[in-house]
Amino acid sequence: MKKQKKEKNAMKKWTFLLMAGVVGASVCVSATGCRRGEDSEEIDSSKTQLYISNFDAGIGRTWVERLGEEFEKDFENYSFEDGKKGVQVLYNHNTKNKDSAFLDALEQDEDTIYFTEQIDYSYYYHKFYDLTSIMKEGAITGVDDNGNFTRESESIVSKMDPTLLSFLNKGTAGNEKYHALPYYLGLKNVNYDVDLWSENKYFFSEGGCPSEIVAKALKENGDVDAAVASYYTELQKLQAGQASDYWFFVDRDGKAEIDGESMDFGLSAGPDGKYDTFDDGLPATYEEFYLLMDKMSAEVTPFIWPGSNPGYADMLTTSLWQNNEGVENLKTYYSLNGTVSNLVKLDQNGEIVKDSKGKPVIDAPVTFTGGKDNGYEIQRSVEKYYALQFAQKIAQTDDWTNVACYDGTTQSSAQSKYLTQGYTDKGQGIKKTAMLIDGCWWQQEATATFDIMAKTDKKYAKENREFAMMALPNSTIERMVDRKTNNEKLVTVSTNDSFAFINGGLKEGDPLLAVAKTFMSYIHSDKSLNIFTEVTNIFRPFDYEITDETESKMSLYGKNLMEYRDNLQIVYPYSTNSFMNGNQAVFKNGYDGWNWHSYTNLMGEETQPVDALHNERDKGATADDYFEGLYNYCKTTAWQKLDMDA
């Protein structure tokens with residue numbers, strides 16, 4: 001993989017990518033790669049080239065081009081090979097960097113650094129260059145006057161989550177081997193229009209919802225059991241359409257008008273059960289959320305997601321389950337090591353056993369020691385059942401969803417409808433939509449729509465509209481009590497299996513490898529991590545402080561996302577369990593596969609609960625059916641496909 005070969009083959013490579021329809025590639029008319037939106041750029045033979053392959057989807061390309069510019073500037077006088085000074089960064093922006101095909105042929109690929117997603121690291125890591133020495137040193141920040149690299153004092157590995165680090169380690173204790181670094185923090189959830197919620201007063205006031213009875217008791221060390229009983233009494237009144245003293249709404253500041261006068265009522269405690277925190281005013285339980293949706297649907301449409309990809313709806317199903325499952329149970333779920341005590345009891349026919357109030361009966365705790373013998377039992381989690389009940393409620397309540405949720409609407413079109421319907425002249429007469437189910441990168445993807453709307457009115461510009469990722473409700477009021485009592489944070493899982501790595505085909509002594517290693521270290525400095533966040537308004541999975549300067553340049557959504565992230569405990573869906581890592585075809589961590597693969601005689605084989613419960617509702621499909629089928633499929637079908645020697 002020498003420079004001369006790359007120069008000779010560059011035109012052929014970029015032409016092929018263009019003909020293949022790679023998103024974002026520009027016409028290249030010389031022996032170069034396209035970069036920074038220019039039509040072409042000649043190879044500068046006075047500099048060492050750095051060839052970057054970037055997955056150009058949700059996160060986009062602007063961030064890496066910005067860092068490329070910074071790198072070129074900081075190393076403009078540094079020599080990576082004899083007779084040359086400085087670096088020229090060339091980009092291959094594409095949508096191939098999540099396919100196994102490109103990894104299978106990586107040895108023949110001509111790029112040096114890759115930013116990817118949906119990568120099976122456990123299977124492909126041997127094709128990636130060993131980054132251990134880079135990661136165990138401080139990130140490179142530049143070059144001093146003597147031509148030596150300057151570095152941060154803190155190592156890159158010290159900025160990483162221990163679970164994620166253990167998964168990446170393919171060596172032994174004391175002899176670590178790391179072949180990739182995590183790329184971006186993949187948060188998927190409900191994104192809500194804070195401006196719309198505030199204007200229509202959809203936030204609960206302090207004392208304005210049934211969960212407030214319990215939140216007050218927790219705050220004042222009162223009788224929590226009595227408060228829980230009162231919660232259910234008030235909830236039943238509201239569900240029956242009766243009046244309740246615990247049902248009052250305010251704007252984001254806790255204010256509402258009474259007889260023409262603005263009054264400050266304050267905000268409810270929200271899902272975390274604590275006052276004066278980031279989630280105040282939001283529904284604390286699923287039951288409160290349902291009631292709020294019924295109120296909303298008279299004025300707006302609660303939800304939108306892209307109908308062309310039904311799995312997007314289950315970003316919510318999955319996030320609800322994960323948040324309520326809690327950290328320790330999730331670690332057991334992803335490692336199949338540990339004890340779980342919230343499993344639903346099933347009878348001899350595989351049906352849910354319920355108590356006199358219709359709630360699932362909890363079975364005896366189950367201990368997992370690697371999962372080969374009993375791993376499928378983890379699917380009996382009561383929190384999965386409650387999340388499926390939520391999925392059924394969304395799927396079978398038409399007033400809650402935009403028509404785009406079940407047609408061929410694309411992701412970008414769903415984002416556009418979310419931003420425009422009810423706002424622009426074209427969207428007049430159509431209800432506004434309160435919430436978009438999408439990843440944290442959605443605002444970055446929707447930049448073009450924001451820009452078009454801003455030409456009509458600056459109030460529609462990205463920097464002027466306020467959105468946020470929602471703190472999710474608790475499955476039950478009892479779960480809120482546990483969370484507050486045990487001081488549990490809300491929980492989410494970083495998804496998308498996104499990694500950055502260097503091509504393992506590069507040889508020691510090759511200047512292409514030297515510059516690639518330097519760049520890989522450089523982009524993990526706090527300064528570079530801040531640039532990533534400034535440009536994208538999202539985060540990388542490292543411990544770094546957002547500077548005041550960076551925050552000042554972020555959108556309102558980015559700032560709210562930072563507050564959301566800072567109030568979460570993030571779990572990574574990885575483990576060192578060789579049995580699970582060797583059976584990734586079954587233990588896939590996406591919205592399908594291991595999480596929601598179900599089979600019932602009623603619905604057949606399904607991996608996407610919301611879509612299945614919507615499509616089969618005329619047959620009477622329920623969360624119970626899906627939950628029982630999930631366990632049945634994992635026990636009788638998935639387990640038969642596993643390699644027990646892995």
Side-chain angles (χ1 to χ4, degrees), residues 209-211 213-214 217-218 223-240 242 244 246 271 273 283-291 317 320-326 328-329 332-333 339-367 374 376-397 472-486 488 596 598 600 602 609 613 620-632 634-635:
C209 53
S211 63
I213 305 169
V214 181
L218 289 166
D223 187 337
V224 174
D225 290 339
V228 168
S230 296
Y231 162 86
Y232 282 111
T233 298
E234 296 302 322
L235 185 70
Q236 288 163 8
K237 287 182 185 178
L238 292 166
Q239 290 170 336
Q242 300 172 9
S244 169
Y246 295 91
T285 64
Y286 289 3
E287 292 96 339
E288 288 183 346
F289 198 101
Y290 301 154
L291 290 167
T317 314
L320 287 165
W321 153 59
Q322 292 166 340
N323 176 50
N324 284 288
E325 193 69 66
E328 293 308 315
N329 279 5
T332 298
Y333 181 87
T339 299
V340 175
S341 57
N342 70 341
L343 304 181
V344 173
K345 187 173 184 178
L346 302 177
D347 64 20
Q348 59 186 5
N349 297 316
E351 297 180 353
I352 299 169
V353 177
K354 297 183 179 180
D355 63 19
S356 59
K357 296 181 180 179
K359 289 190 174 183
V361 173
I362 301 303
D363 210 344
V366 173
T367 297
N374 65 347
Y376 48 82
E377 300 291 352
I378 198 77
Q379 299 293 17
R380 291 193 284 124
S381 164
V382 72
E383 296 302 345
K384 282 207 166 189
Y385 175 71
Y386 289 141
L388 286 167
Q389 284 189 316
F390 200 111
Q392 181 185 342
K393 192 74 173 175
I394 294 177
Q396 298 178 2
T397 309
L472 293 174
N474 299 285
S475 52
T476 63
I477 193 65
E478 291 84 359
R479 184 70 183 91
M480 189 190 86
V481 172
D482 288 343
R483 191 183 299 279
K484 173 66 168 60
T485 302
N486 297 317
E488 291 182 52
W596 300 114
S598 176
T600 67
L602 177 68
L613 291 165
T622 67
D624 291 44
D625 298 321
Y626 204 103
F627 181 80
E628 292 161 1
L630 173 64
Y631 174 74
N632 178 64
C634 288
K635 181 178 181 180

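Note that these values count all heavy atoms, side chains included, but never hydrogens, waters or copies made by symmetry.
Counting heavy atoms from C-beta on, the side chains of Y290 and F390 come closer than 4.5 Å. In this structure the side chain of W596 reaches within 4.5 angstrom of the side chain of T317, judged on heavy atoms. Annotation: side chain of T339 is not in contact with side chain of V366 (no heavy-atom distance under 4.5 Å).
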Just do the side chain to side chain donor-acceptor pair (under 3.5 Å) check on K384 and Y626 with the steps written out, would you?
CA-CA 10 Å; K384 282 207 166 189; Y626 204 103; over 6 Å; no
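Between N342 and E325, the side chains place a donor N or O and an acceptor N or O closer than 3.5 Å (distance only, hydrogens not considered). Side-chain polar atoms of D625 and T622 form a donor-acceptor pair below 3.5 angstrom. At a cut-off of 3.5 Å, with distance as the only test, a side-chain donor of Y385 or Q389 sits close to an acceptor on the other residue. Of the N and O atoms on the side chains of S211 and E288, at least one donor lies less than 3.5 Å from an acceptor on the other residue.
Here Y231 contributes atom OH and I477 contributes atom CD1; the two are 5.0 Å apart, rounded to the nearest 0.5 Å. The CG atom of L630 sits 11.0 Å away from atom OG1 of T600, with the distance rounded to the nearest 0.5 Å. Separating the CG atom in N632 from the CZ atom in F627 is a distance of 12.0 Å, to the nearest 0.5 Å. Here the straight-line distance linking atom CG of D624 with atom CD1 of I352 works out to 4.0 Å at 0.5 Å rounding. The structure places CD of Q239 at 5.5 Å from CG of L291, a figure rounded to the nearest 0.5 Å.
The nearest pair of heavy atoms linking Y631 to Q379 is CA-CB, 4.4 Å. Closest non-hydrogen pair, V228 versus V481, comes out as CG2-CG2, 4.3 Å.
No donor-acceptor pair closer than 3.5 Å links the side chain of N374 to the backbone N or O of E377. In this structure, the side chain of N474 engages the main chain of P271 through a donor-acceptor pair within 3.5 Å.
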